[in-house]
K.L.:
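Can you keep this structure in mind? I'll have questions shortly.
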Amino acid sequence: MFSWFANPHRFLMLSSWLAPLFYAAAALLIAWGLWQGLWMVPKDDYQGGDIMRVMFIHVPAAWLAMASYLGMAVMSFVWFIWRHEVADIAAKAIAPLGATWTALCLATGAIWGKPTWGTWWQWDDARMMSVLFMFFLFLGYIALRAAMDTRQKAARAGAILAMVGALNVPLIKFSVDLFTSLHQDASVITTEGPKMAAVYLWPLLISSVGHSLLFAALVMTLMRAEIWTRRAAQSRARLMTGD
Amino acid sequence: MLPDFDSNAAFIWASYSVGLVLIGGAMASVWLKARAAKTELIRIEARVRDHKRG
Amino acid sequence: MTPAPILSAFRQALGEAWAGGAGALLPVGFFAGAAVLVPLGVGTDPETLRTIGPGILWVSLALSSLVTLERIFQADAEDGSLDLWLQTGAPAASIAAAKTLAHWLTAGLPLALLSPFLLLMFQAQIGGALLENMLYYAFGGLAFYFWGGVSAALAATVRRGGLLISLIALPLYVPTAIFGALAMGDGPSSAAAPLFLAASTLFALAVAPFAMGAALRLAAD
């Protein structure tokens with residue numbers, strides 16, 4: 001299956017209609033989620049009143065922070081084992097976008113935290129801390145790739161780092177959980193279980209799908225840009241050598 | 001037009017503004033990058049064709 | 001495949017550490033210097049210093065491991081000794097592990113041995129806890145050196161890679177720093193924390209050499 005997608009030409013063909021489709025679907029779903037979240041759903045007094053409406057951007061961002069790092073690690077693994085160029089192009093494209101949504105998760109979390117916990121940054125919240133370290137993992141990955149002088153070296157170094165990072169994420173998560181369980185007293189808003197009424201669940205789910213589609217579409221566009229850039233570089237090299 | 005919040009309106013709007021700026025910024029930079037790459041590729045390929053024709 | 005190249009890498013790394021005459025004094029000086037800057041910043045209240053002392057030493061240990069590791073593989077990649085080792089057919093992972101171990105012995109272990117004296121400066125009481133903490137610093141430092149070694153190997157061909165190495169290593173240091181600090185506290189999870197610290201160090205010893213090996217083969221290309 002990977003080999004089928006591994007052909008850059010086939011990827012360009014596929015993404016030329018898939019990306020616009022994803023953009024359109026994302027726009028519809030995100031718009032519906034926003035409309036529901038900001039206008040329609042009633043405020044939840046158990047979760048601090050109107051402030052819980054931040055959830056409809058915070059939760060999709062948190063989901064994408066996790067999913068995008070996992071996606072980057074999987075793509076790195078595929079590249080490392082099978083050396084499919086498209087997998088490396090995907091990993092490279094996911095990094096800056098994943099960092100963007102991770103930053104969004106941190107920012108909206110901090111804004112949500114101020115009126116709820118009375119502080120912008122809750123050191124005792126395991127999820128905020130874990131997401132912060134994921135953000136650092138993304139930054140390190142981007143910086144390492146940028147520091148390498150050839151495309152091949154950037155791909156190899158990036159893949160090693162992404163895989164080492166992915167192995168460490170569960171350990172980081174566990175250690176942060178242990179650290180925060182010492183003095184956890186904040187009322188953490190939960191999105192699981194029966195506490196979450198269906199009236200919130202649907203807009204939340206639709207927003208998350210919308211953000212995921214937008215993310216995937218942006219990754220595809222960035223991958224297309226990378227493939228075009230590489231082709232242009234090849235053509236330029238041929239012009240220089242004169243054949 | 002805009003929804004009316006009973007409490008914490010500033011925080012809610014701040015969250016969604018950050019989202020607009022970050023996501024909008026990401027979209028703009030990705031699209032600009034793709035367009036620049038495409039333009040450059042077309043330019044180079046035209047030069048390659050000219051070169052081949054002599 | 002003989003252990004000779006691995007031994008020679010180990011010996012060369014030991015020699016490197018003592019080169020320039022200063023030897024282990026250099027990292028020790030950095031470690032102590034970083035630690036004693038803190039009371040100048042946060043004030044000299046004994047109660048505060050006693051609380052933050054162990055944590056300050058963890059941070060100083062992490063910083064000094066990064067500073068010592070910056071050039072560990074870079075010099076080998078530049079002068080060609082890396083190519084020589086890899087040509088002998090010795091596994092890159094073993095060579096990397098040997099070098100990192102040598103650096104921990106010469107730069108990491110002395111810091112742990114110094115830690116009781118620094119903790120006394122941070123108003124700790126004399127007691128068995130000081131020796132226990134020394135063990136934690138030694139073991140946690142080993143994990144720092146191995147994860148730091150991974151980022152140093154990845155950045156081996158990057159000129160002025162110091163900041164890059166720190167950025168990459170920082171999130172990998174988190175579990176060790178947390179478990180280490182918890183092991184020295186008296187909270188509910190302090191009893192289990194030493195075991196977690198040991199487990200995360202063993203995890204580093206098991207995984208990091210392979211990542212370093214892959215990164216070194218990349219640097220040699």
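Quick caveat, the model's predicted, so the values are computed rather than measured. Lettering follows sequence order; numbering is per chain, from 1.
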K.L.:
I'd like to know if the side chain of C:Tyr136 pairs up with that of C:Ser115 as donor and acceptor (distance under 3.5 Å, no hydrogens or angles considered).
P.N.:
no

K.L.:
Please look at C:Arg217 and chain A and tell me whether the side chain, the backbone, both or neither of the residue comes under 4.5 angstrom of a heavy atom of that chain.
P.N.:
both

K.L.:
So which of C:Leu164, C:Leu172, C:Val158 has the biggest tally of heavy-atom pairs under 4.5 Å with chain A?
P.N.:
C:Leu164

K.L.:
Using non-hydrogen atoms only, which part of C:Leu154 is less than 4.5 Å away from chain A: side chain, backbone, both, or neither?
P.N.:
both

K.L.:
Using a 4.5 angstrom heavy-atom cutoff, name the option from A:Leu132, A:Leu144, A:Leu137 with the most pairs to chain C.
P.N.:
A:Leu144

K.L.:
Considering only heavy atoms and a distance below 4.5 Å, find which of A:Gly165, A:Ala159, A:Ala143 pairs most often with chain C.
P.N.:
A:Ala143

K.L.:
Can a salt bridge be assigned to the pair A:Asp88 and A:Arg145 using a cut-off of 4.0 Å between side-chain N and carboxylate O?
P.N.:
yes

K.L.:
Is it the backbone or the side chain of C:Leu218 that comes under 4.5 Å from a heavy atom of chain A, or both, or neither?
P.N.:
both

K.L.:
Does the ring of A:Trp228 carry A:Arg230 above it, NZ/CZ under 6.0 angstrom from centre and within 45° of its axis?
P.N.:
no

K.L.:
Is the distance between the ring centroids of A:Trp101 and A:Phe215 less than 6.0 Å?
P.N.:
yes

K.L.:
Look at A:Leu171, A:Thr150, A:Val164 and state which one has the largest set of heavy-atom pairs under 4.5 Å with chain C.
P.N.:
A:Leu171

K.L.:
Between C:Trp58 and C:Tyr137 (judged by ring centroids, cut-off 6.0 Å), do the two rings come close enough to count as a pair?
P.N.:
yes

K.L.:
Please check this pair: side chain of C:Thr48 against backbone of C:Thr44, looking for a donor-acceptor N/O pair closer than 3.5 Å.
P.N.:
no

K.L.:
Would the number of heavy atoms belonging to other residues, nucleotides or ligands and lying under 6.0 Å from CG of C:Leu163 be above 12?
P.N.:
no

K.L.:
Relative to chain A, which of C:Ser151, C:Pro171, C:Ala153 shows the most heavy atom pairs under 4.5 Å?
P.N.:
C:Pro171

K.L.:
So which part of C:Phe203 gets closer than 4.5 Å to some heavy atom of chain A, the side chain, the backbone, both or neither?
P.N.:
side chain

K.L.:
Go through C:Thr176, C:Val207, C:Val150, C:Asp221 and name the one with the most non-hydrogen pairs under 4.5 angstrom from chain A.
P.N.:
C:Asp221

